[in-house]
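The chains referred to below are lettered A, B, ... by the order of the sequence lines, with proteins before strands, and numbering in each begins at 1.
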Number of protein chains: 2
Amino acid sequence: MSTMMRKKPTIRDVAQLAGVSYGTVSRYLNGGEHVSPDAAERIAQAISKAQYTPNNAARTLARQRTHAVALIIQVESNETIVQASVSAAMTGANQVLGDAGYQMVTLIANTESSTERILRLVGSDFADGYLLFSMSNDDQFAESFRNVGAPVVRSEIGGDLPYPAVDFTNEQGQYDITRYLLDKGRRRLLYICGPGYSPTALNRYEGFKRAMGDQFREGDVYFADSWEIDNGEMAVAEFESRFVRPGAAAARVAAGADSADAVAADSGAAGAGVDAAVAGVADGIDGVVCANDDIAMGAIRRLTHMGYRVPEDVSVTGFDDSPIALLSDPKLTTVRQDSQLHGETMARLLLDIMDGKPLGERHTVLLPTTIMHRRSA
Amino acid sequence: MSTMMRKKPTIRDVAQLAGVSYGTVSRYLNGGEHVSPDAAERIAQAISKAQYTPNNAARTLARQRTHAVALIIQVESNETIVQASVSAAMTGANQVLGDAGYQMVTLIANTESSTERILRLVGSDFADGYLLFSMSNDDQFAESFRNVGAPVVRSEIGGDLPYPAVDFTNEQGQYDITRYLLDKGRRRLLYICGPGYSPTALNRYEGFKRAMGDQFREGDVYFADSWEIDNGEMAVAEFESRFVRPGAAAARVAAGADSADAVAADSGAAGAGVDAAVAGVADGIDGVVCANDDIAMGAIRRLTHMGYRVPEDVSVTGFDDSPIALLSDPKLTTVRQDSQLHGETMARLLLDIMDGKPLGERHTVLLPTTIMHRRSA
DNA sequence: CTGTTAGCGCATTCAC
DNA sequence: GTGAATGCGCTAACAG
């Protein structure tokens, strides 16, 4: 049979078939300049006849460029590898990288061994540039990139590595939505802060504090140890006794800010099933600002279970505008960040650096965030 | 400065520094057999002194093996690139591939150009094996792998490509959960079928039909055109007039199956807010079987909005046991599939094939599914 | 145990 | 325009 396991054809086979030297074939392959139409034609036929495809390794070895960019995702082993935001960023990066002629390949570092393997790979000229998505503040990892020849762009500012990075205005976003709650008449807010290892969590926390100004009470902050939904539930549970009395907040807002104490109707939460557990104090918490959507989702669930109505009794806000923001009931008022743009911007920055465009060290770009007004606040 | 942009050191530089020939260094690098402790020591020092790291391209060129496996995700351009199930599968595959000494790299084909680029790459001995996650039935894509030397394993059976594949017992899973509803006394079920381009959707549909047997009514099937949440809402909306009267189903079940017509209490849905739109017929639909969790989520939402109580009036089931199954209210009774195991199994199968283990053509393995009993049904 | 040598498949000078 | 030669960095087979 002719479909026997014959070896893969090389550029020489093609040359022989076309009756030219393999140097000419190579030229044909790379732009086709300086090759006669006649020869080109014969080479084309030979290529398709031989089913020739150039070998990747040989190419990158010869030209000393991989034409590839690696997107590295670093997560703790137990976490979901690819969150929605990262997925969106990948889409964006893949697009602009592809348009620029680069192949994006993504690598996952979620265990010690995989991390080690990837680090070794990075040292071996695996790609022409690197996009680093490390969700944690594990600078050891990023640190390992210091002596890599190829440029690196990070997805998060913070830590004190000198890499260019693209991130969102986390501080400002959290500030904005907190102010929004305050302006709407909410008086006392619980802040559920993201995990301490995350620079992002810290930035958002700063935004909250700034918005609260004098009214900031450290006691009204819950420090979560992950970004996951349970933290929202746990936080609300822990602060259970400190929430406003159901109905009080709504009435307060309706009646104007200062008459809060006077009004304390216990009605309103009728069908929803307020049980005995709900005590509530008149000057209690009437708003929960969460460091991300998942946590907010958990907070809403718990509040609802406890008999509070969201947002009538207690407002809740998220952060990220992830897909689940639309899944909660009521839908989440949250801070939107365009993750696809995040990926695009990172890729563009990386391309610029690879092209040798000058930029100061510690170059960072901050992408804007906007409030998505929905039902929960 | 010594940190000037000097060229990357090669194996020869190391050899020179260690005072040995570079053949010896190569041996040291690959296992260290047949190299004296003395030389080894000097080489080790030279390597760390020169900050030497072997070049990837040169290695794969010389050994004619990449030691990499590419996981290719093919999605329509507008879809979320990495769904939760794929993310989990990636985790599994990455683990076993890594343990076997392979680097997993994932490639995304979501546009025509990226697909084309990847196909070209695949033809260039980019990896030693391929894991193909194509959510659609686009066999053209898979077809392109026919003449690839390296082995391929697909994530989905169906189509008529001769590739080994790993999938779940979709048919049986849908059968099981449908029977479960029937056995619980539900009389008339609406089936919301996944998009027609998906073999998985078809398999599940078959399971539903088999479970229904004589009771199957083609008119009680809604054909969604994507896997997304809106389809659940749309389906329920379209069948609005054909649902059971609120309260009827619960009473029916409680009173025993055959007295259904006699009982038709209109109560029960009190606080939930049954509005005028809810007519309901006594022998109406009292269960909704959905082809996936997202759709089920939409169905529940719509039903709730229409004033039905889930599961008292209408039961709803999902499929996949994705993370959002826990986010719905009530939590979703669904069919669980272990996506991480999916990835692991695919990777193991691929490794076996790469190792030359014999297996018949069209080799496929089906992973089990189990029912997750939660609140919605 | 170690040095030498011949490729791996291709890009890229050079002469012609 | 085209062919021949050299090298990319490394592995592997071979003598010694």
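For A/S87, the side-chain hydrogen bond (donor to acceptor under 3.5 Å, both in side chains) test picks out no residue, with sequence neighbours left out. For B/D355, the side-chain hydrogen bond (donor to acceptor under 3.5 Å, both in side chains) criterion is met by no residue, not counting sequence neighbours. Among residues two or more places apart in sequence or in another chain, the side-chain contact (heavy atoms from CB on, under 4.5 Å) test is passed with B/S21 by B/T24. For A/S113, the side-chain contact (heavy atoms from CB on, under 4.5 Å) criterion is met by A/T111, A/R117, not counting sequence neighbours.
A/D13 has its CG atom 9 Å from the P atom of C/dC10, to the nearest Å. As rounded to whole Å, 11 Å separates atom C1' of C/dA11 from atom NE2 of A/H67. The separation between B/I43 atom CD1 and C/dG3 atom C1' is 12 Å, rounded to whole Å. Rounded to whole angstrom, the span from the NE2 atom of B/H34 across to the P atom of D/dA15 amounts to 16 Å.
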Which letters describe nucleotides 5-10 of chain D, given B = protein heavy atom under 4.0 Å from base, S = only from sugar-phosphate, - = neither?
BB-BBB
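Between D/dG3 and A/T24, a contact under 4.0 Å exists linking OP1 or OP2 to a side-chain N or O. Look at A/S36 and you won't find any side-chain N or O under 4.0 angstrom from OP1 or OP2 of D/dG1.
Residue-level contact check: A/V25 touches neither bases nor backbone, having no heavy atom under 4.0 Å from any strand.
Here the nucleotide nearest the side chain of A/A39, chosen from D/dT2, D/dG3, D/dA13, is D/dT2.
Applying the side-chain hydrogen bond (donor to acceptor under 3.5 Å, both in side chains) test to every pair with at least one member in residues 122-131 of chain B, sequence neighbours left out, gives these pairs: B/T66-B/D128.
Side-chain contact between B/K8 and B/D13: absent, with no pair of heavy atoms (C-beta onward) separated by less than 4.5 Å.
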